[in-house]
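We're numbering straight along the sequence, starting at 1. Since we're looking at a predicted model, the values are computed, not measured.
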Amino acid sequence: MAYPDSPSNITLPGQKNLAGDPEQFFKDHFVPELRIQYRSKCTLDGIFRKEPITGSNSHTDSSMGRTEMDYQTARGQYLQSKVIEQAETTVTLDPLEYSKVAVDRTDLKKTQLLVEPRFKEELSASMAKGTENKRICEIVKTARSAHDLTSEAGGSIMAGLDLAAATTIAGKGELLYDAISAGVQAIREKDITDMIYTLLTEEHIRYLRKYDPILNKDYGDGASVHTEGLRSGIVGTHILVSNHANALYGTNVTNPKCPKHDVDMTDTIFAMFTKDAILELELQDNFEELIEDPDRNEHRIQVTAVRGYGKWDPRCALEVTR
C-alpha cells in the first residue's frame with residue numbers, strides 16, 4: 001500500500017487522464033475558451049470581409065466599376081462593348097500585437113493558473129479592445145475617403161448634428177433618429193443594398209429609448225441593456241452598441257506604435273457602415289499558447305496576432321459629426 005504522499009499518488013490538475021503532460025488539459029481548453037471569449041467581446045467581429053494571408057505583409061485586390069444595359073436601335077448596328085473601369089486597393093498588415101501574463105514557476109501558481117478563468121478574461125478583453133478600436137478608426141477614415149474608382153462616389157460625412165440643442169432626452173432621441181434616417185438614405189442612394197449597421201454608444205441608446213415612436217411597447221422604458229426596448233430595426237439599420245465607440249467618439253485617436261490608424265474623431269457623433277466598408281487581413285499562423293521560460297523560472301501565457309485593416313469601399317461608410 002502506498003503512503004498518501006507517495007509520488008505514485010500525486011497528480012497535477014493539468015494532466016489529461018491523470019497521466020502525461022502536466023499542462024495538457026490547460027493547452028486543450030485554454031485556447032478555444034480564449035477565442036470564444038474574444039469573439040464575445042468584439043461587437044464588430046464577423047461583419048467585414050476578412051482575407052487570411054501567408055507569405056506576404058499585404059493584400060491587393062481589384063475593384064471593378066459598373067456598366068449599363070444598352071439597346072440596339074438599328075439592324076446590323078456594331079455592338080461595341082463598354083469599357084469597365086478597374087482599380088486596385090492594397091491593405092497592409094499592422095505590427096505584431098500581443099497580450100501576455102506571466103507567473104513564477106511553482107506548483108501553487110501553476111495550479112491557480114490552470115483553474116483561474118480571469119486570465120482568459122483579461123487576455124481576451126485586451127485583444128478585443130485593440131481590434132475593435134482599429135476597426136472603428138478605419139470605418140471613420142473610410143467615410144472620409146474618395147473611391148479608388150473615379151466613376152464611383154466616395155464616403156459620406158453628415159455634419160451639423162447638435163444633440164445639445166435639444167432640451168429634453170426625448171428631443172435628443174428624435175434628433176438622433178432623424179440623423180440615422182438621413183444616413184440610411186445617403187447610403188442607399190449610392191446603390192448599396194447590404195445590411196446597414198449603426199454603431200452607437202450607451203448614451204445614444206438612452207436618448208432613443210425616450211423617443212416614443214421607436215419604442216417596443218413590450219419593453220417600454222424598462223429595458224436593461226443595449227437595444228432592449230427599441231424596435232428590432234430603426235429605419236432599416238441594425239443598431240450596434242460598443243463601449244469602444246464610447247471611448248473613441250469625441251477624441252483625437254493616436255497610437256505611436258501603430259500610427260496608420262490614427263484619426264481625429266473630436267467631432268464624430270456616430271458612424272454607419274455595411275460589410276464592405278473595410279477589409280481585414282489576418283496572418284494564418286496567429287497563436288495562443290503556454291510558454292515555459294526556464295531562464296526566468298516562469299510560465300507565460302501569450303496571445304499574439306498579426307492583423308491589418310484598411311479602406312475597401314467608401315460608399316459603404318458614413319460619419320455623422322456635430
| task | Rounded to the nearest 0.5 Å, what's the gap from CG on Leu200 to CG on Leu176? Could you check? | result | 6.0 Å
| query | Should the pair Tyr197 and Phe273 be assigned to parallel (<30°), tilted (30 to 60°) or perpendicular (>60°) ring geometry? | reply | parallel
| query | Arg307 pairs by side chain to side chain contact (heavy atoms under 4.5 Å, CB included) with which of Thr131, Leu96, Leu283? | reply | Thr131
| said: Could you measure the distance from the CG atom of Asp94 to the NZ atom of Lys257? Nearest 0.5 Å is fine. | reply: 14.0 Å
| request: May I ask you to decide whether Arg135 forms a salt bridge with Asp45, counting only side-chain N to carboxylate O separations under 4.0 Å? | output: yes
| If you group Ile, Leu, Val, Met, Phe, Trp and Tyr by side-chain heavy-atom gaps below 4.5 Å, do Ile278 and Val253 land in one group? | yes
| request: Rounded to the nearest 0.5 Å, what's the gap from CD on Glu203 to CD1 on Ile169? Could you check? | output: 9.0 Å
| query | Counting heavy atoms not belonging to Lys129, are there more than 12 under 6.0 Å from its NZ? | reply | no
| query | Is a salt bridge present between Glu152 and Arg66, judged by a nitrogen-to-oxygen distance below 4.0 Å? | reply | yes
| Worked check of side chain to side chain contact (heavy atoms under 4.5 Å, CB included) between Phe48 and Ile139 | CA-CA 11 Å; Phe48 305 106; Ile139 291 169; 3.7 Å; yes
| Sequence neighbours excluded, which residues qualify as ring pair (Phe, Tyr, Trp, His ring centres under 6.0 Å) partners of Tyr177? | Tyr211
| request: Answer yes when Asp61 and Arg49 have at least one side-chain N-carboxylate O distance shorter than 4.0 Å, and no when they do not. | output: yes
| field | Charged N-O contact under 4.0 Å between Lys311 and Asp148 | value | yes
| said: Which residues pass the ring pair (Phe, Tyr, Trp, His ring centres under 6.0 Å) test with Phe270, not counting sequence neighbours? | reply: none
| query | Passes side chain to side chain contact (heavy atoms under 4.5 Å, CB included), Ile136 versus Tyr249? Steps please. | reply | CA-CA 9 Å; Ile136 295 171; Tyr249 290 164; 4.2 Å; yes
| query | CG/Asp262 to OG1/Thr254 distance, rounded to the nearest 0.5 angstrom? | reply | 5.5 Å
| message | Counting only heavy atoms not in Glu122 (residues, nucleotides, ligands), do more than 12 fall under 6.0 Å from its CD? | response | no
| request: Tell me whether Ile157 is reachable from Ile187 by hopping between hydrophobic residues (I, L, V, M, F, W, Y) whose side-chain heavy atoms are closer than 4.5 Å. | output: no
| Hey, any chance Tyr309 and Val91 share a hydrophobic cluster, counting ILVMFWY side chains that come within less than 4.5 Å of each other, even indirectly? | no
| Looking only at side chains, do Asp264 and Thr266 share a donor and an acceptor under 3.5 Å apart? | yes
| message | Please determine whether residues Ile36 and Val303 belong to a single hydrophobic cluster, defined as Ile, Leu, Val, Met, Phe, Trp and Tyr linked transitively by side-chain heavy-atom distances below 4.5 Å. | response | no
| field | Distance, nearest 0.5 Å, that separates OG1 of Thr251 from CG of Asn246 | value | 10.0 Å
| task | May I ask you to say whether Glu132 pairs ionically with Lys41, meaning some side-chain N is under 4.0 Å from a carboxylate O? | result | no
| query | Between Val140 and Val241, is there a shared hydrophobic cluster once you connect ILVMFWY residues whose side-chain heavy atoms come closer than 4.5 Å? | reply | yes
| Thr90 and Thr60: side-chain donor and acceptor closer than 3.5 Å? | yes
| Has the side chain of Thr237 got a donor or acceptor atom that lies under 3.5 Å from a matching backbone atom of Ile196? | yes
| message | A side-chain contact here means heavy atoms from C-beta on lying under 4.5 Å apart; do Cys42 and Met127 qualify? | response | no
